[in-house]
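All values derive from a computational prediction rather than experimental measurement. Side chains are part of it too, since the values below use all heavy atoms of this structure and drop only hydrogens, waters and symmetry mates. Order of appearance sets the numbers: ligands from 1, and atoms from 1 within every ligand.
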Amino acid sequence: MRILSVVVFCLAVSSTLRAAAPGATPAPETVDTAAISRIIDEGMNRSQVMETLLGVTDVNGPRLTWSPGYARAVEYLIARMSAWGLENPHVERWAPLGVGWTLKEFSANVLTPYAFPLHAYPRAWSNGVRGTVRADVVHLEAASDSALQLYRGKLKGRFVLLGDSVEFDSPFQPVATRETDSSLLVLANAGTERRGRRPGGTPGGGMQRWILAMRKLELCQEEKAAGILFPSRSESGILTVQGVTVPDHPDTPFANRLQAYDRIRKELIPQISVSADHYNRMLRLVHAGKQVTLELELEVEATPPDSGANVIAEIPGTDLRDEVVMVGGHLDSWHGGTGGNDNGTGVATSMEAMRILKALGVKPRRTIRIGLWGGEEQGLYGSEAYVSAHLGKAVEDSSAPRGKRYEYKPEGEKFCAYFNNDNGTGRIRGIYLQGNEALRPIFRKWLEPFRDKGAFTITPLPTGGTDILSFNEIGLPGFQFIQDDIDYFTRTWHTTSDTYDRALPDDLKQASVIMATFIYNAAMRDEPLPRKQW
Ligand SMILES: [Zn+2]
């Protein structure tokens, strides 16, 4: 530990000597290879990343925003940060208020035309039912508003299959994949056009379909159907399950949707995600003219409205302590699994990066801070709240590039960078530049020690769909790494299979040491990282 401190001091002195004059060509990036060797040794040989992952998954359960499981994970992480000696571990609360939700009991059985237990899972925030409800199943199949009207008077007290049958198109596709030399080359040679992080696009794929889908939901509500059964898009018995859909308009801002949801939550009929195999089977039985009867028991518990919570801790800086480098990911998860890959692995690797630096006794020049966000799945609430409380805001301004200018708080002016992990268990293969070419030679140098660990690709592409957007939204550097997909989109993303078991320990160790190295380098270099020029 002491040896590292001496090395760090030498770097600080030598890099001060080579500080470039304003406007001059930046000096070549240098890194402290001795310090990085120690980071790699600590992270690969004395890792605690799987232990942290176990704590946030199995031990404390799913971490649905605002819910008791989330609060348990917060408590666990604060205790762990304290035990490691991180400074000032604390919770930062944010609005809007939301209601906690816990699934207490659930069973669904098909009784006729022959019995089988239905493989299904209630959507988060679904209402329960009193006692046992037994009713027929009907398929609501309407391609237009007039076709929909034919169902008036036919849905009351029945379970409604809402959606077409699921097409299985992947039996010949591999379940898990890693990037290959050729796929990495495609990333490296890409332009700056955005790469969607999540497949599938917007629900309904267009305004007309969205509106019709909302009308169907409204009709089920008005008719007082017994419940809505949605097909899960995952295959092989895995269930994709997220939150309830509230009848609404696609243009409604998310915060208003949440209020609308709060208003009508109590009246929402149960919404249940059914495995593709069983959904398709029921659909075929109904179309074959068979009477399908379903029996449902569903008990849920709502907890009183509460604020959301982010978890924050740091390793204080020294001569540049007002400049902050951040690492993190979102702590909230969906409820069907235990949020192993989405985003227990991001939490565990961010925590591990902090632990490694703390264990080595690093005295960084800039402050290194971890941020674990709530409400990501509901719309990046936690990270947005952090950015507006600490860093600044965007203000509409037609004369400014992109139609807005940024008003920074003092901490925002001096903010260095945020490194996020939210793509599952796959090892790091490189990084997205978010369109900032000035970072290429810097990140190239930072990745050099990891070439033999498979991380060397730099892509000009931006990526999104996660908390970096809250930082990018006000022009601040926020980055996400290129990671191997493994089975993220085929098996684990928002599914009942998103558990501890899906994590690959060697990949998480590799990701942790690279993240520790990035935040260390960012905290130690002479100049802050160059920001994107608009
Ligand atoms: Zn996520």
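Of the candidates Tyr386, Tyr408, Tyr406, Phe471, Phe415 forms a ring-ring contact (aromatic ring centres under 6.0 Å, His included) with just one, namely Phe471.
Taking the six-membered ring for Trp and thresholds of 30 and 60 degrees, Trp94 and Tyr381 have ring planes inclined between 30 and 60 degrees apart.
With a cut-off of 2.8 Å, the Zn ion (ligand 1) has no N, O or S atom of Glu376 in range. The Zn ion (ligand 1) has an N, O or S atom of Asp342 inside 2.8 Å of it.
Nearest N, O or S atom of Asp422 to the Zn ion (ligand 1): atom OD1.
By the side-chain contact (heavy atoms from CB on, under 4.5 Å) test, Leu54 pairs with Asp58, Val59, Tyr500, sequence neighbours left out. In this structure Val300 satisfies the side-chain contact (heavy atoms from CB on, under 4.5 Å) test together with Trp101, Leu103, Leu298, sequence neighbours excluded.
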